[in-house]
Amino acid sequence: MGSQALPPINPVELITNWQFAPIVTAITAIAALLYLWGVYRVWRRHPARPWPWWRTAVFLGGILIIVFATEGGVGAYDDVLFWDHMVQHLMLLMVAPPMLVVGQPGTLLLHASRNPLHPWTKKTLRSRAVTALTFPPFGVVLYAGTIVATHLTGFMNLVLTNNTVHEAEHVLFLVVGYLYFLPLIGREPIRWRISYPSRIFLLFIAMPVDAFTGLILGSENSLPFPAMANGRPDWAPSALADVHEGGAVMWVGGAAIMFVLLMSVFVAWSKESRGDAGLGWLETARRANFAATVTPSASAKSADETVDDDEHLAAYNAFLARINGKRDA
C-alpha cells in the first residue's frame with residue numbers, strides 16, 4: 001500500500017499534487033459539457049426562463065468534487081493514508097452525489113430535448129426499473145449495506161491491493177449515493193413523492209451507520225486490513241493509528257455532512273407552499289387510490305372542471321352502496 005515517492009501530506013500537497021486519470025477526466029468532462037449544452041439549449045428555447053444558474057454551479061461543483069477526490073491531492077494519497085481514503089469515500093458517497101442530484105440533470109434534459117429524446121427520457125424516468133432503484137427504503141438499505149460491506153469486511157484488503165477494484169469502488173459510491181439521495185433531496189420527475197418528515201427520517205436513520213462504522217474502526221486493537229502494513233512511507237503514522245484516524249473521519253465527518261443535508265431538507269420544508277407537503281408517500285398514494293375508486297368518472301372531466309363537496313359526497317355514497325350491494329349479493 002502506498003508509495004515512498006510521495007512527500008508528507010500537507011495542505012500545499014493536497015492542492016498541488018495531482019495524478020492524471022484519463023477515464024475519470026473523459027467521463028467528467030463529457031458530463032459537464034453535456035450539462036452545459038442542455039443549459040444553452042434551454043436558454044435558446046426559453047430566453048425569458050433560463051435554467052437556474054445556481055443549479056448549474058452546484059452540478060459542476062459536484063463534478064469538480066469527483067475530479068479532486070480521484071485525481072487531486074485526496075486521490076494521490078488514498079493508497080498511502082487510510083484516513084485520506086475515508087475522506088475520499090465521504091466525498092464520493094455523501095458530497096458529490098447530493099450536488100449532482102440538486103443539479104437535476106434529468107429535468108434539464110427534458111427541458112432541453114425534443115422528440116424522440118424527450119418522450120424517451122420521460123418514459124425512462126418513470127419506468128419500473130428507475131422506480132424500483134429509487135424506492136426510498138431500498139436506497140437506505142443499499143446505502144447502509146455499502147458502507148458496512150466496504151469498510152468492515154475483507155473487501156477493503158482487496159481494494160488496497162487491486163487498482164481495478166479500487167476504481168470500481170469509486171463508481172459504486174457515486175451510484176449508491178445518487179440513488180439514495182435522489183428521492184430525498186431531489187426534484188426529478190420520478191414516481192416517488194416523499195413528504196418532508198419522511199425525508200428527514202430516512203436521512204436520520206442513516207447517521208448511525210456512519211457512526212457505527214467509524215466506532216468499530218476507531219476501536220480496533222489489531223490491524224483489520226493487513227495490506228495497509230505494506231510499503232508505508234516513513235513519515236506516515238502506524239497502520240493501526242491510521243485506521244483509528246480513518247474511523248474518526250467516518251464518524252465525525254459523516255455525521256457532519258448528514259447534519260448539513262438534514263438542515264437543508266428542513267429549510268426546504270419550511271419554505272414549502274404545497275398543502276400536502278407533510279403527507280407521507282403512503283398517505284398520498286392512499287388518497288389518490290381512494291379518489292380514483294369513489295369517483296371513477298373523474299378522469300373524464302376536463303382539466304379546468306371542478307368538483308364540489310356535494311359531488312364528492314354523492315360519489316362516496318354511491319361507493320358505499322356498491323359495497324353494500326356486493327355484500328348483500
Side-chain angles (χ1 to χ4, degrees), residues 27-28 30-32 34-36 38-39 42 51-70 88-112 121-122 124-127 129-144 146-147 170-207 209-210 253-254 256-269 271-272 277 281:
I27 293 176
T28 52
I30 291 173
L34 288 176
Y35 192 92
L36 292 175
V39 173
V42 172
W51 185 252
W53 66 267
W54 63 270
R55 289 198 183 276
T56 302
V58 172
F59 184 87
L60 295 180
I63 294 292
L64 291 176
I65 290 294
I66 296 173
V67 172
F68 183 68
T70 55
Q88 182 188 63
H89 286 189
L90 293 180
M91 294 175 71
L92 295 177
L93 184 63
M94 301 181 67
V95 179
M99 296 178 73
L100 299 180
V101 167
V102 172
Q104 291 187 224
T107 302
L108 175 61
L109 182 57
L110 286 174
H111 285 298
T121 302
K122 187 175 182 179
T124 300
L125 290 173
R126 290 183 169 272
S127 65
V130 173
T131 300
L133 290 174
T134 57
F135 182 51
F138 172 75
V140 174
V141 173
L142 184 64
Y143 176 87
T146 298
I147 289 181
H170 295 166
V171 177
L172 173 67
F173 286 153
L174 288 171
V175 172
V176 170
Y178 193 88
L179 292 177
Y180 171 59
F181 290 112
L182 177 59
L184 303 185
I185 65 174
R187 286 181 173 271
E188 298 282 23
I190 58 177
R191 290 191 178 275
W192 301 112
R193 288 292 180 268
I194 310 174
S195 70
Y196 282 100
S198 297
R199 298 183 190 195
I200 292 174
F201 172 73
L202 292 173
L203 288 170
F204 180 78
I205 62 175
M207 294 180 70
V209 179
D210 301 323
I257 295 172
M258 197 63 76
F259 178 78
V260 172
L261 294 173
L262 280 167
M263 289 298 99
S264 66
V265 172
F266 185 80
V267 171
W269 184 15
K271 296 181 179 180
E272 181 60 61
W281 68 84

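No hydrogens, no waters, no symmetry mates; every other heavy atom, side chains included, goes into these values.
L142 and T146 get closest at one heavy-atom pair: O-OG1, 2.7 Å. Closest approach of P97 to G177, counting heavy atoms only: CB-C, 3.5 Å. T121 and G106 make their closest contact through CG2-O, 4.3 Å (heavy atoms, listed as atom of the first residue, atom of the second, distance). What you find for P189 and L110 is that their closest heavy atoms are CG-CD1, 3.5 Å. Between G62 and A96, the closest heavy-atom pair is O-CB, 3.9 Å.
With R191 contributing its side chain and R126 its backbone, the two residues share a donor-acceptor pair below 3.5 Å. With hydrogens and angles disregarded, no donor-acceptor distance shorter than 3.5 Å links the side chain of S198 to the backbone of I194. Proximity of a side-chain donor or acceptor of W51 to a complementary backbone N or O of L108 within less than 3.5 Å is not detected.
Annotation: side chain of M91 is in contact with side chain of F68 (closest heavy-atom distance under 4.5 Å). Put simply, the side chain of Q88 reaches to within 4.5 Å of the side chain of H170, judged on heavy atoms. Between I66 and I27 there is no side-chain heavy-atom pair separated by less than 4.5 Å. Looking at F181 and L261, their side chains come closer than 4.5 Å, going by heavy atoms from C-beta outward. At least one side-chain heavy atom of R187 sits under 4.5 Å from a side-chain heavy atom of R55.
Take T107 and apply the side chain to side chain donor-acceptor pair (under 3.5 Å) test, not counting sequence neighbours, and it matches Q104, E188. A search for side chain to side chain donor-acceptor pair (under 3.5 Å) contacts involving Y180 returns nothing, not counting sequence neighbours. With sequence neighbours left out, I200 forms a side-chain contact (heavy atoms from CB on, under 4.5 Å) with L262, V265, F266, W269. Evaluation of the side-chain contact (heavy atoms from CB on, under 4.5 Å) rule for M99 yields V58, I65, V95 as partners, not counting sequence neighbours. In terms of the side-chain contact (heavy atoms from CB on, under 4.5 Å) criterion, residue partners of F201 (sequence neighbours excluded) are, by chain and number, I205. Checked against side-chain contact (heavy atoms from CB on, under 4.5 Å), L133 has the following partners two or more places apart in sequence or in another chain: F138, L179.
How far OG of S264 is from CG of L203: 7.5 Å, rounded to the nearest 0.5 Å. Distance OH/Y196 to CG/L184: 11.5 Å, rounded to 0.5 Å. Atom-to-atom distance recorded for L93:CG and L172:CG is 8.5 Å, nearest 0.5 angstrom. Rounding to the nearest 0.5 Å places CD1 of I257 at 4.5 Å from CG of L90.
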### Task
Would you sort out whether V102 and W54 count as a side chain to side chain contact (heavy atoms under 4.5 Å, CB included), showing the intermediate values?
CA-CA 10 Å; V102 172; W54 63 270; 3.7 Å; yes
### Message
Test side chain to side chain contact (heavy atoms under 4.5 Å, CB included) on L60 and L36; report intermediate values, then the result.
### Response
CA-CA 9 Å; L60 295 180; L36 292 175; 4.0 Å; yes
### Task
Check step by step if side chain to side chain contact (heavy atoms under 4.5 Å, CB included) holds for Y143 and I147.
CA-CA 6 Å; Y143 176 87; I147 289 181; 3.4 Å; yes
### Message
Show, in sequence, the C-alpha distance, side-chain angles and deciding distance for I185 and R199, and conclude whether the side chain to side chain contact (heavy atoms under 4.5 Å, CB included) test is met.
### Response
CA-CA 8 Å; I185 65 174; R199 298 183 190 195; 5.9 Å; no
